[in-house]
Amino acid sequence: MSNYIHVPPGSPEVPKLDITVSEQEGPGLIARQLAKIHTIHAHNGWIPKSNLWLKMGKYFSLIPTEFADEEVNKRFLSDIPSPQVLQEEMAWMKERLSNLGSPVVLCHNDLLCKNIIYNKKRGDVQFIDYEYSGYNYLAYDIGNHFNEFAGVNEVDYSLYPNRKLQEQWLRSYLEAYKEYKGFGTEVSEKEVEVLYVQVNQFALASHFFWGLWALIQAKYSTIDFDFLGYAIVRFNQYFKMKLEVMTLTLPE
């Protein structure tokens with residue numbers, strides 16, 4: 001499964017990727033730490049609202065319409081959905097996902113492997129790089145993390161966690177979330193199932209968001225990376241996953 005940063009005990013050196021979340025302690029530690037962040041209270045009784053759709057709309061307004069390089073532009077026009085299709089999908093997601101009942105909490109929003117630091121000596125994990133953090137749907141943050149199991153440089157969505165691993169992860173998360181909220185640690189099968197449906201459907205929004213982001217980077221970034229290719233991969237996975245996860249229904 002996806003790697004995350006491992007800090008060797010007592011080592012002052014830059015951490016390296018040498019431990020995987022498929023190891024027993026990994027998923028539980030990450031789940032508990034994310035639950036801890038998600039239970040941070042807003043100040044003065046303020047009820048937070050998600051900025052997901054606003055930010056996604058802003059990204060959409062910035063995506064390129066063409067590229068100067070003829071071959072790049074040909075690839076862009078043939079492999080990226082049209083602006084009309086993208087706009088229709090955004091409207092559909094907003095309507096569908098906003099009604100899943102996922103709470104709005106403080107989210108990391110970019111929990112990929114390189115933003116998770118594991119300290120084996122202390123037996124804990126810490127998250128770094130809060131550039132994209134903000135109030136968002138709880139299920140989006142988890143779905144985004146699951147998407148990141150596939151990696152970035154060599155994306156492989158066969159690494160997306162299977163249902164068994166997800167249910168273990170989500171149970172650990174819910175136990176910690178309820179504990180931090182002061183509600184005990186008892187978690188029912190129904191609670192796990194509800195979160196499973198929410199997370200896998202919000203994973204669609206994650207693919208879409210980073211697809212738009214990659215298109216902008218493809219036009220303006222000076223970093224030597226195939227951002228257009230990455231955008232194509234994310235949008236392709238969005239449409240593939242949409243067919244699969246939209247058959248899921250919330251338990252009654």
Side-chain angles (χ1 to χ4, degrees), residues 2 50-98 100 102 107-115 131-132 136-137 139-161 166 197-221 223-248:
S2 173
S50 172
N51 63 0
L52 175 62
W53 311 119
L54 177 63
K55 185 172 287 189
M56 195 178 286
K58 287 182 178 179
Y59 277 15
F60 175 76
S61 71
L62 295 173
I63 62 173
T65 56
E66 62 180 359
F67 288 83
D69 184 281
E70 186 175 342
E71 286 302 311
V72 173
N73 196 54
K74 182 179 179 181
R75 186 185 182 202
F76 167 67
L77 293 175
S78 64
D79 294 344
I80 295 294
S82 69
Q84 180 180 350
V85 169
L86 294 178
Q87 200 161 25
E88 289 172 354
E89 290 298 321
M90 283 196 302
W92 173 83
M93 274 191 295
K94 183 177 181 180
E95 173 66 24
R96 183 65 179 259
L97 303 184
S98 297
L100 285 176
S102 182
C107 291
H108 185 283
N109 288 325
D110 191 22
L111 201 55
L112 71 164
C113 58
K114 292 183 180 180
N115 289 338
E131 178 184 357
Y132 293 95
N136 202 351
Y137 298 99
Y140 175 93
D141 215 12
I142 300 174
N144 183 74
H145 175 57
F146 286 170
N147 283 340
E148 296 296 350
F149 278 41
V152 176
N153 294 320
E154 296 180 11
V155 181
D156 180 3
Y157 284 111
S158 70
L159 297 176
Y160 187 79
Q166 283 196 47
V197 174
Q198 292 171 334
V199 162
N200 282 273
Q201 293 189 359
F202 263 104
L204 295 174
S206 161
H207 284 306
F208 206 92
F209 181 89
W210 293 114
L212 294 175
W213 172 88
L215 283 181
I216 298 169
Q217 299 301 315
K219 181 71 172 181
Y220 301 108
S221 178
I223 298 173
D224 183 19
F225 181 79
D226 183 13
F227 285 107
L228 179 57
Y230 186 68
I232 292 168
V233 166
R234 296 305 294 253
F235 284 124
N236 284 347
Q237 189 63 19
Y238 166 85
F239 285 105
K240 178 184 177 182
M241 193 175 187
K242 181 182 177 183
L243 295 174
E244 300 169 358
V245 302
M246 294 319 295
T247 60
L248 299 173

If the plane angle is over 60° it's perpendicular, under 30° parallel, otherwise tilted; pick one for W210 and Y132. perpendicular
Give a yes or no answer on whether the side chain of [X] reaches the backbone of [Y] with a donor-acceptor pair at less than 3.5 Å.
| X | Y | result |
| --- | --- | --- |
| E66 | N73 | no |
| N147 | A203 | yes |
| N51 | L54 | no |
| H207 | F235 | no |
| K219 | T65 | no |
| N115 | D110 | yes |
| Q201 | V245 | yes |
| S78 | R75 | yes |

Using distance alone, with no hydrogens and no angle criterion, decide if Y238 and E89 have a side-chain donor and acceptor under 3.5 Å apart. yes
Using only heavy-atom distances, determine whether the side chains of Q166 and N200 contain a donor-acceptor pair under 3.5 Å. yes
Distance under 6.0 Å and angle within 45° of the ring axis: does K55 meet both against W213? no
Find the distance between OH (Y137) and CG (N144) and round it off to the nearest 0.5 Å. 15.5 Å
Any side-chain heavy atom of [X] within less than 4.5 Å of one from [Y]?
| X | Y | value |
| --- | --- | --- |
| F225 | N153 | yes |
| Y140 | L97 | no |
| R234 | S206 | yes |
| N136 | D141 | no |
| F149 | Y160 | no |

Steps toward side chain to side chain contact (heavy atoms under 4.5 Å, CB included) verdict (W53, M93): CA-CA 9 Å; W53 311 119; M93 274 191 295; 4.0 Å; yes
Minimum heavy-atom separation for S102 to A139, with atom names? OG-N, 3.0 Å
Charged N to carboxylate O under 4.0 angstrom, K74 versus D79? no
Within the supplied structure, the quantity of interest is the number of heavy atoms (other residues, nucleotides, ligands) at a distance under 6.0 Å from E244 CD; does it exceed 12? yes
